[in-house]
Number of protein chains: 2
Amino acid sequence: MDTRLKPRKTPVQGRSKATCDAVLEAAARILVEEGRSALTTNRIAERAGVSVGSLYQYFPGKEAIVAELIREMRRDMVVLLRRAVDAAATQAFRPAVGTLLAATLDHHTARPELARALEREEEDLPIDMETQVLKAELRGLIAGFLRERGVADAERCAFDLVAMCHGMASAAVRAGQDDTEGLKARLERAVLGYLGRPE
Amino acid sequence: MDTRLKPRKTPVQGRSKATCDAVLEAAARILVEEGRSALTTNRIAERAGVSVGSLYQYFPGKEAIVAELIREMRRDMVVLLRRAVDAAATQAFRPAVGTLLAATLDHHTARPELARALEREEEDLPIDMETQVLKAELRGLIAGFLRERGVADAERCAFDLVAMCHGMASAAVRAGQDDTEGLKARLERAVLGYLGRPE
DNA sequence: TGTGAAGATGAGCAATTACTCGCATAATCG
DNA sequence: CGATTATGCGAGTAATTGCTCATCTTCACA
């Protein structure tokens with residue numbers, strides 16, 4: 001376990017919890033509004049309205065802050081997707097795919113630029129085991145859904161589908177497209193087309 | 001025109017051209033082998049076997065070096081794709097798509113990690129106009145192909161297809177998959193499926 | 001062969017960065 | 001109330017970075 005990516009101390013009082021949250025939120029805002037080059041510990045502390053000392057009391061470095069943001073994001077994704085898989089269980093294939101896509105898009109629509117920025121940061125971080133587990137869980141959920149529906153080579157399909165949806169959603173966000181419904185329709189078209197099930 | 005992204009001086013003698021090339025190649029190798037955090041001007045000069053002074057004689061900063069690498073990559077892509085579009089003109093739809101996909105994959109297979117690293121760097125750079133033109137040209141080539149084949153909403157389709165192929169190829173490279181043929185087959189499946197033309 | 005231009009050098013400067021530490025303040029509890 | 005613990009502070013430090021410039025070497029050409 002790389003201790004440099006884990007929070008240093010867990011807050012016990014209310015105000016310290018607030019400090020932690022302020023730091024995380026400030027880091028997120030900086031990433032989105034000022035870019036990754038502006039993400040320095042001093043700047044984070046400044047925007048969070050706390051001192052660098054306080055920051056380092058709870059995080060061993062800025063990488064740990066980013067890693068924590070990533071963990072939060074992945075946790076949210078797992079929750080959303082797990083719920084969607086449950087809901088999709090009783091649906092026909094086509095609407096079930098729609099349900100899953102809606103869930104993955106929810107995550108993107110909440111804070112699209114943040115999601116994109118964090119995914120970009122993730123590639124530079126020595127990947128955390130917890131995050132790795134979460135990502136495997138995501139792929140597993142989708143693979144399980146596909147397998148139950150009789151799709152052959154479910155793991156590979158899940159891999160490709162996640163990749164293509166991710167690519168299309170990222171490109172749409174980058175291009176400033178905010179028509180979520182339209183994007184969802186295009187994703188459905190791509191997914192169903194790939195699966196050879198446009199019925 | 002942002003002068004900070006353009007080369008500073010064009011080499012006239014042979015040895016200075018060699019210096020330029022050494023710098024560019026060193027930067028590319030560092031990006032792939034040591035990661036973006038290791039990409040410092042001093043390190044580039046060191047790996048290129050030249051002094052920092054020489055580096056700054058031809059590039060106003062490290063961003064200009066990366067920008068030049070990106071320009072090279074985009075130029076190669078345009079050449080490859082233009083040739084593929086020409087070759088595809090006389091082919092039936094299905095093999096034509098295969099020709100185009102082979103071209104885009106060529107670019108990825110030559111130096112996959114470099115392509116990925118550069119695309120990542122590109123997002124942090126104030127996008128160069130020349131690069132912007134090149135990217136528009138790429139989309140235009142594909143949109144033109146689609147339009148000639150009677151595909152509706154060719155621009156949007158080109159956008160989506162580029163995005164999904166890019167997503168799948170990137171994910172495959174990141175996962176260490178080196179089965180180019182298999183990847184191409186999966187891309188064909190995705191593209192033809194999206195276009196609703198599995199015939 | 002000599003002379004100016006082109007090229008190469010690398011020590012070192014200014015700016016920025018991550019991070020520490022001694023001390024002040026606030027909460028908790030006997 | 002103390003006393004203990006948790007929290008907050010921010011100037012300061014060591015290390016790193018991008019980049020310059022005075023100086024030396026190599027080349028082109030009359």
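Reminder, nothing fancy here: chain letters follow the sequence lines and each chain counts from 1.
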**OP:** Indicate whether OP1 or OP2 belonging to C:dA18 is found under 4.0 Å from a side-chain N or O atom of A:Thr41.
**Re:** yes
Subject >> Exam field: side chain A:Thr109 to backbone A:Asp106, donor-acceptor pair closer than 3.5 Å >> reply: yes
Original post:
Are any side-chain N or O atoms of B:Lys184 and backbone N or O atoms of B:Ala102, one a donor and one an acceptor, separated by less than 3.5 Å?
Top reply: no
Original post:
Of the candidate nucleotides C:dG7, C:dT9, D:dC19, which contains the atom at the shortest distance from the side chain of B:Tyr58?
Top reply: C:dG7
**OP:** Side chain of A:Ser54 only, please: which of C:dA18, D:dG8, C:dG7 is the nearest?
**Re:** D:dG8
Original post:
What nucleic acid atoms does A:Gly61 come within less than 4.0 Å of, heavy atoms only: base, sugar-phosphate, or nothing?
Top reply: sugar-phosphate
Original post:
Which nucleotide in the list C:dA8, D:dC19, D:dA11 gets nearest to the side chain of B:Ser16?
Top reply: C:dA8
Subject >> Earlier contact from the 5' end, DNA chain C, for B:Thr10 and A:Glu63 >> reply: B:Thr10
Original post:
What's the CZ-C1' distance between A:Phe59 and D:dT7, to the nearest Å?
Top reply: 15 Å
Subject >> Separation of D:dA6 P from A:Tyr56 OH (nearest whole Å) >> reply: 23 Å
Original post:
Which nucleotide sits closest to the side chain of B:Arg15: D:dG8, C:dT9, D:dT26?
Top reply: D:dT26
Subject >> Spacing between B:Leu55 atom CG and D:dT17 atom P, to the nearest angstrom >> reply: 14 Å
Subject >> Closest to the A:Val52 side chain, choosing from C:dC19, C:dT9, D:dG8 >> reply: C:dC19
Subject >> Closest listed nucleotide, where the reference is the side chain of A:Val12 and the choices are D:dT7, C:dG7, D:dC19 >> reply: D:dT7
**OP:** Using whole Å, report how far CG of A:Asn42 lies from P of D:dA11.
**Re:** 11 Å
Original post:
Can you check whether A:Val50's main-chain N or O pairs, donor with acceptor, with A:Ser54's side chain at less than 3.5 Å?
Top reply: no
Original post:
With a non-hydrogen cut-off below 4.0 angstrom, is B:Gln13 in contact with a base, only sugar-phosphate, or nothing?
Top reply: sugar-phosphate
**OP:** Take the protein atom CD of B:Gln57 and the nucleotide atom P of C:dA5, then report the distance between them rounded to whole Å.
**Re:** 15 Å
**OP:** For A:Ile44 and C:dT17, give me the distance from atom CD1 to atom C1', rounded to whole Å.
**Re:** 12 Å
Original post:
Counting side-chain heavy atoms from C-beta on, which of C:dC19, C:dA8, D:dG18 comes nearest to B:Thr40?
Top reply: D:dG18
Original post:
Do A:Arg174 and B:Glu123 meet the salt-bridge criterion of a basic N to acidic O distance under 4.0 Å?
Top reply: yes
**OP:** Could you tell me the separation between the CZ atom of B:Arg43 and the P atom of C:dG10, rounded to a whole number of Å?
**Re:** 16 Å
Original post:
Any idea which of D:dC9, C:dT9, D:dC19 is nearest the B:Ser51 side chain?
Top reply: C:dT9
**OP:** Classify the side-chain pair A:Thr99/A:Gln91 by whether it contains a donor and acceptor separated by less than 3.5 Å.
**Re:** yes
